[in-house]
Amino acid sequence: MIYTVTFNPSLDYVMHVEDLMTHSINKSHKEEVYPGGKGINVSIVLHTLRIPNKAFGFVAGFSGKEIERSLSKLGVHHDFITLDNGFSRINVKLKAKGETDINGSGPQITPSDLRELFEKLNELKEGDYLVLAGSIPPNVPHDIYQTIIKELSSKNIFVIVDATKELLLNVLPYKPFLIKPNQEELGELFGVTLHTKEEVIAYGKKLLEKGAQNVLISRGSEGALLLTNDGQILDGTIPDGKLVSSVGAGDSMIAGFIAGYIKSHSFDTALKLSLATGSATAYSSWLATPDQIDDLLL
Ligand SMILES: Nc1ncnc2c1ncn2[C@@H]1O[C@H](COP(=O)(O)OP(=O)(O)O)[C@@H](O)[C@H]1O
Ligand SMILES: O=P(O)(O)OC[C@H]1O[C@](O)(COP(=O)(O)O)[C@@H](O)[C@@H]1O
């Protein structure tokens with residue numbers, strides 16, 4: 001079974017504007033609302049790929065209710081903890097000539113809410129996959145992902161982490177099965193800006209040295225590099241298509257990777273499905289559909 005945890009779910013409010021101008025009133029000509037947050041997107045795309053999974057996390061207020069309602073409508077299995085105060089984020093995604101995101105900080109999670117999550121995580125069994133993905137609200141300790149992995153360490157679980165900065169660095173000594181920084185986030189971890197593939201590989205190797213078992217570095221339209229614990233460096237390119245919206249492309253990539261790996265236990269197959277799934281999302285207005293993924297599989 002696969003479980004995802006989203007500490008900071010969102011409603012993604014997508015607005016389409018011709019020319020985005022600051023210090024001015026912009027008019028949108030099309031609006032869409034989708035459930036979002038990294039673990040939730042992974043769950044939705046796993047569901048699309050017919051991989052059974054359950055989404056854990058925290059929701060609050062009217063937006064939290066809408067997130068739950070829309071996931072139930074899609075048939076995505078979820079078991080969220082409802083927070084007493086505040087409301088789940090509404091993240092604004094502005095589509096103009098480029099893409100501009102404004103992501104909220106999220107509602108307060110109390111120590112007793114956290115304990116509830118740990119109780120739910122007791123459900124995990126040996127051989128399960130656990131995806132810890134996305135940012136955490138400001139009052140949650142920055143070692144929370146690490147605490148979760150430590151708590152489950154006796155269970156032999158495949159842990160996948162998609163996070164930035166210390167939230168990610170803190171988990172590396174606990175040997176997560178997979179981490180997925182994008183190229184910019186990889187550079188940020190070491191205070192550098194990465195330009196070439198060689199530089200990306202060199203810094204990716206540093207994450208293997210720090211403990212990650214496998215490192216998938218997504219590179220937007222440049223595809224992705226996978227560095228594995230058995231010394232492989234796989235370079236994946238993207239299928240052709242036209243970018244519509246890259247929101248959720250990284251999360252889709254993780255779902256595709258897990259689905260591919262579970263079915264084949266081959267890193268090569270997992271990388272191919274992850275790229276097709278990531279790009280299928282980038283080439284559509286929301287997350288990838290099964291037909292779009294099939295069409296893009298090289
Ligand atoms: N402009 C794009 N064109 C085609 N595929 C894309 C594009 N942007 C993202 N993707 C696909 O989604 C994956 C993840 O994208 P990326 O932007 O690197 O991740 P994140 O969303 O985590 O920042 C890429 O490896 C690729 O497969
Ligand atoms: O948890 P974070 O890092 O604040 O990001 C949340 C945002 O990321 C998304 O999950 C999309 O992520 P990706 O584009 O990286 O796949 C949105 O649905 C959500 O608004």
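Below, each value reflects all heavy atoms present in this structure, side chains not excepted, and no hydrogens, waters or symmetry copies. Start at 1 and go down the list; that is how both ligands and their atoms are numbered.
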For ligand 2, which part of M253 has a heavy atom less than 4.0 Å away: the side chain, the backbone, both, or neither? neither
For the residue pair N139 and I109, what are the closest heavy atoms and their distance? ND2-O, 2.7 Å
Taking 4.0 Å as the limit for heavy-atom contacts, which would you say applies to A249 with ligand 2: side chain only, backbone only, both, or neither? backbone
Could you pull out the closest heavy-atom pair between V17 and K27, with the gap in Å? CG1-O, 3.3 Å
Return a yes/no value for N8: is any of its N or O atoms, backbone included, closer than 3.5 angstrom to an N or O of ligand 2? no
Atom indices of ligand 2, in the order listed, that fall short of 4.0 Å to a heavy atom of G248: 11 (C), 12 (O), 13 (P), 14 (O), 16 (O)
Rounded distance (nearest 0.5 Å) linking atom CE of M253 with atom CG of L271: 6.5 Å
Residue part near ligand 2, for S246, under 4.0 Å between non-hydrogen atoms: backbone
Contact atoms of ligand 2, heavy-atom distance to G250 under 4.0 Å: 16 (O)
Taking only non-hydrogen atoms of S10 and a 4.0 Å limit, the atoms of ligand 2 in range are 19 (C), 20 (O)
Sub-4.0 Å heavy-atom approach of E184 to ligand 1: no
When you compare the side chains of E188 and T164, does any donor N or O come within less than 3.5 Å of an acceptor on the partner? no
Please say whether V247 places an N or O atom under 3.5 Å from an N or O atom belonging to ligand 2. no
Compute the shortest N/O to N/O distance between G250 and ligand 1 and return yes if it is under 3.5 Å, no if not. yes
So which protein heavy atom does atom 15 (O) of ligand 2 come closest to, and at what separation? K38 NZ, 2.9 Å
Report the C-alpha separation of K206 and E209 in whole Å, then their side-chain angles, then the decisive distance to 0.1 Å, and conclude whether the salt bridge (charged side-chain N to carboxylate O under 4.0 Å, His left out) test is met. CA-CA 5 Å; K206 289 182 195 281; E209 282 157 23; 5.9 Å; no
Closest heavy-atom approach to atom 5 (N) of ligand 1 among S279, G220, A280 is made by S279
With atom 2 (P) of ligand 2 as the reference point, say which of P9, G37, S135 has the nearest heavy atom. S135
Hey, looking at atom 9 (C) of ligand 2, which of I44, V42, D251 has the closest heavy atom? D251
Residue of the set K180, E184, Q183 for which side-chain hydrogen bond (donor to acceptor under 3.5 Å, both in side chains) holds with S218: K180
Specify the protein heavy atom at minimum distance from atom 13 (C) of ligand 1: its residue, its atom name, and the distance to 0.1 Å. M253 SD, 3.7 Å
State the atoms of ligand 2, each with its element, that fall below the 4.0 Å cut-off from a heavy-atom position in D12. 17 (C), 18 (O), 19 (C), 20 (O)
Nitrogen or oxygen of G36 less than 3.5 angstrom from that of ligand 2: no
Atoms in ligand 2 with a heavy atom of G134 nearer than 4.0 Å: 1 (O)
Judged by heavy atoms only, the candidate from G256, S245, G278, G223 nearest atom 25 (O) of ligand 1 is G223
